[in-house]
Amino acid sequence: MAVVDAGAEVPTKKLSRNEELKIAIPTLAGNIAATLADASLACFSADDEQFLKFHGIYQQDDRDKRKAGKQFIWMIRGRIPGGVLSSPQYLVYDRLATEFGNQTLRITSRQSFQFHGVVKQGLGPLMKQLNEAMMDTVAACGDVNRNVMSPPAPARNAIHRQVLEDAKAVSLALMPKTRAYHSIWVEGVQLNLEAPENKDFVDPLYGRQYLPRKFKTAFAVQPLNDVDVLTNCLGFIAIEEGGKLVGYNLSVGGGLGRSHGNEETYPRIADVIGFLTPEQLIEVSRGVLMIHRDFGDRTNRKHARLKYVLEEKGAAWFRTELETRLGYKLGDAKPYTFAKQGDHFGWETAADGSAFLGLYVETGRVKDNGTTKLKSALKLIAQKFAPEFRLTPSQNLILANIRPEDRAAITQVLADHGIPVENQASAIRRASMACPSMPTCGLGLAESERYLPTLMSGIEGLLTETGLSNEEIIIRMTGCPNGCARPYMAEIGFVGKGPGRYQLYLGGNEACTRLNRLFKDVVKEPEILPELRTLLTRFSKERVGGERFGDWAARVVWAETPAPAAPAPAAAN
Ligand code: SRM
Ligand code: SF4
């Protein structure tokens, strides 16, 4: 049965600039191909910058070099549903990063790879070659459904396999249909914007204006919440009965982005509103997306995410609206539990007897660095042993489908490149994440990826000092409040406020199902370790039994700190 395409709410205020752009050029082609071909142009126009995002590309500049004038570089993000790549596909990523990027690959917090530092002449060849290898970057960014997440660990059973297939199917079903992507990057031609089929183009799902804002989808398999499912606009929590996947609980309206000084923006945990069968998956995905399309705020991009529709209209309204569009009722949500988040590290055996290896990748950056040569090691392993590459939502990597007899040789290749498979890093470091921030992210206010590793060394020292060695505490850092490394779910979250200054958040839980709370609005870099020393010392004395840091903070520190203001009922423009 088709989802009924009910009409949209008509905005009464002026549309945002991005909305006008999408209406003007609904194929999203902009003037990209012409600018690409014109060597005299150093960068794309501000309007094309917005269109490029729908093609998975961000125009950036190297912020370390700004004093000498803006040097434009581009970031390209893959569409890799569930983060799964074959070895030949990985080798294409490796080669393209070496030939056209900054020699690194960045595993993202949504199971994708990003190329950084691509120069303008490299953009065309990189995109063409990636597509020729049957991979793409369609909708990796922009006001559309983004990379769909799925549990990264290899199949524990048939359920994991089916969930990955379902994630891929949803990713495909929610892809925009414009020809512009293929025309620009594969055929190398500018679309004729005046041709009726382009001028009047209307995407069958997204319409002419696409979504008001980005849209994110994830699948989770209990008891592991390794995808942070409740931070997504659309979430599917697998429900298993008698060893079979009977369906999914549906979660809607999660999201983390906020802005400093704008209390009307806030992180939000999704509502679990019902249950659906696997057969209903695509219809329900399309239905939820259409509600965002039709009810999201197109006048204010700071207020345009689906989470604000949920917050303001309520979960009951949302369910009714969805059921009306579907033409049937959802089941009631089934009981579910998440015990933890996080990844597997070291060697393990999958259900089918094959071996898999979880590798910690510091801040997700695959590179050769001094004596630690992860990029070279992975290339060799891909060439010789052809494992499956699985990118995790915590920016780590799993090499899977390995013949048990290859384990020792792979361990040796890694050792030869300075990478241990046992004791890869302390428990606290393995549970940490940082967003890229400087020097590539134009929105970064403080360092993140380049600072967290040093800070973690200091924190490891504090753990030893306070008798907490081997303690796992989930620490996440971002260079600004947008929340790309999901800091608002961490037991300790750092959010950049300005150069060398961070907000400090405390109280997330092990399963990443609870938002943390602001503890200090500004902590300067030199104050971070003293501040944490006080907290960790108290924690080591006051914890009850095996209580985790985040639970102690929520129990004790929250009680001592004034409760945060409730989210505003409606955001102003
Ligand atoms: Fe993000 C914007 C990096 C996951 C919320 N994000 C950006 C940009 C593109 C900056 C920009 O707009 O110019 C960053 C590029 C930096 C660079 O140099 O690479 C960026 N986001 C990332 C990645 C690479 C961070 C990472 O550490 O891995 C992640 C890419 C995921 C992917 O493969 O698709 C990434 N971003 C997230 C997440 C986490 C998630 O989705 O699970 C969030 C919070 C969840 C959410 O969406 O609510 C997130 N990114 C944002 C926002 C805030 C959106 C909002 O609702 O306010 C922005 C800013 C924006 O959209 O205007 C943003
Ligand atoms: Fe950039 Fe902010 Fe995202 Fe970090 S959190 S990558 S600084 S947008």
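Numbers for residues simply follow the sequence, beginning at 1. Start at 1 and go down the list; that is how both ligands and their atoms are numbered.
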Students should be able to answer this: which protein heavy-atom is nearest to [atom], and at what distance?
| atom | result |
| --- | --- |
| atom 33 (O) of ligand 1 | T108 OG1, 2.6 Å |
| atom 48 (O) of ligand 1 | L256 N, 2.6 Å |
| atom 7 (S) of ligand 2 | G444 CA, 3.4 Å |
| atom 18 (O) of ligand 1 | T440 OG1, 2.6 Å |
| atom 29 (C) of ligand 1 | S109 OG, 3.4 Å |
| atom 5 (C) of ligand 1 | N482 O, 3.2 Å |
| atom 24 (C) of ligand 1 | Q114 OE1, 3.0 Å |
| atom 46 (C) of ligand 1 | R305 NH1, 3.4 Å |
| atom 4 (Fe) of ligand 2 | C435 SG, 2.3 Å |
| atom 3 (Fe) of ligand 2 | C484 SG, 2.3 Å |
| atom 27 (O) of ligand 1 | Q395 NE2, 2.8 Å |

N, O or S of C480 under 2.8 Å from atom 3 (Fe) of ligand 2:
no

Side-chain donor-acceptor contact under 3.5 Å, [X] with [Y]:
| X | Y | value |
| --- | --- | --- |
| D166 | Y248 | yes |
| N509 | T513 | yes |
| D343 | N396 | yes |
| T440 | Y58 | no |

Number the atoms of ligand 1 from 1 as they appear, then name those within less than 4.0 Å of a heavy atom of [X], with their elements.
| X | answer |
| --- | --- |
| A434 | 27 (O) |
| H116 | 17 (C), 18 (O), 19 (O) |
| M75 | 15 (C), 19 (O) |
| R110 | 31 (C), 32 (C), 33 (O), 34 (O), 40 (C), 41 (O), 42 (O) |
| K216 | 36 (N), 37 (C), 38 (C), 40 (C), 41 (O), 43 (C), 45 (C), 46 (C), 47 (O), 49 (C) |
| S112 | 33 (O) |
| G483 | 38 (C), 43 (C), 44 (C) |
| C435 | 27 (O) |

For ligand 2, which atoms sit closer than 4.0 Å to a heavy atom of [X]?
| X | answer |
| --- | --- |
| G479 | 4 (Fe), 7 (S) |
| N482 | 8 (S) |
| S437 | 6 (S), 7 (S) |
| T478 | 5 (S) |
| P436 | 6 (S) |

So do [Y] and [X] actually touch side chain to side chain, heavy atoms under 4.5 Å?
| X | Y | value |
| --- | --- | --- |
| L234 | L250 | yes |
| T98 | K375 | yes |
| F494 | Q503 | no |

So, does S448 sit close enough to ligand 2 that a heavy atom of it is under 4.0 Å from the ligand?
no

When every non-hydrogen atom of Y181 is compared with those of H55, the smallest separation belongs to CE1-O, 3.7 Å

In terms of heavy-atom contacts, does NZ of K65 have more than 12 from other residues, nucleotides or ligands at under 6.0 Å?
no

Can you check whether R258 has an N/O within less than 3.5 Å of an N/O in ligand 1?
no

Which of parallel (below 30°), tilted (30 to 60°) and perpendicular (above 60°) describes F295 and W317?
perpendicular

Ignoring hydrogens, just give me the one of [options] whose non-hydrogen atom is nearest [atom].
| atom | options | value |
| --- | --- | --- |
| atom 16 (C) of ligand 1 | G117, G444, C441 | C441 |
| atom 30 (C) of ligand 1 | R77, Q60, R213 | R77 |
| atom 9 (C) of ligand 1 | Y58, F215, Y308, F113 | Y58 |

Got a donor-acceptor contact below 3.5 angstrom from the [X] side chain to the [Y] backbone?
| X | Y | value |
| --- | --- | --- |
| Y93 | L130 | no |
| Q395 | T108 | no |
| Q111 | L391 | yes |
| Q59 | E49 | no |
| R293 | L205 | yes |
| R63 | C441 | yes |
| S426 | R429 | yes |

Give a yes/no on ligand 1: does [X] have at least one heavy atom closer than 4.0 angstrom to it?
| X | answer |
| --- | --- |
| K214 | yes |
| L443 | yes |
| K307 | no |
| G442 | no |

Report the part of [X] in contact with ligand 1, treating N, CA, C, O as backbone and CB onward as side chain, heavy atoms under 4.0 Å; options are side chain, backbone, both, neither.
| X | answer |
| --- | --- |
| R146 | neither |
| Q111 | neither |
| C484 | both |
| E449 | neither |

Among L96, I76, L85, the one residue meeting side chain to side chain contact (heavy atoms under 4.5 Å, CB included) with F113:
L85

From CA spacing to verdict: side-chain hydrogen bond (donor to acceptor under 3.5 Å, both in side chains), T104, R365:
CA-CA 7 Å; T104 75; R365 187 69 67 173; 3.1 Å; yes

Do any of the N/O/S atoms of C441, backbone or side chain, fall under 2.8 Å from atom 1 (Fe) of ligand 2?
yes

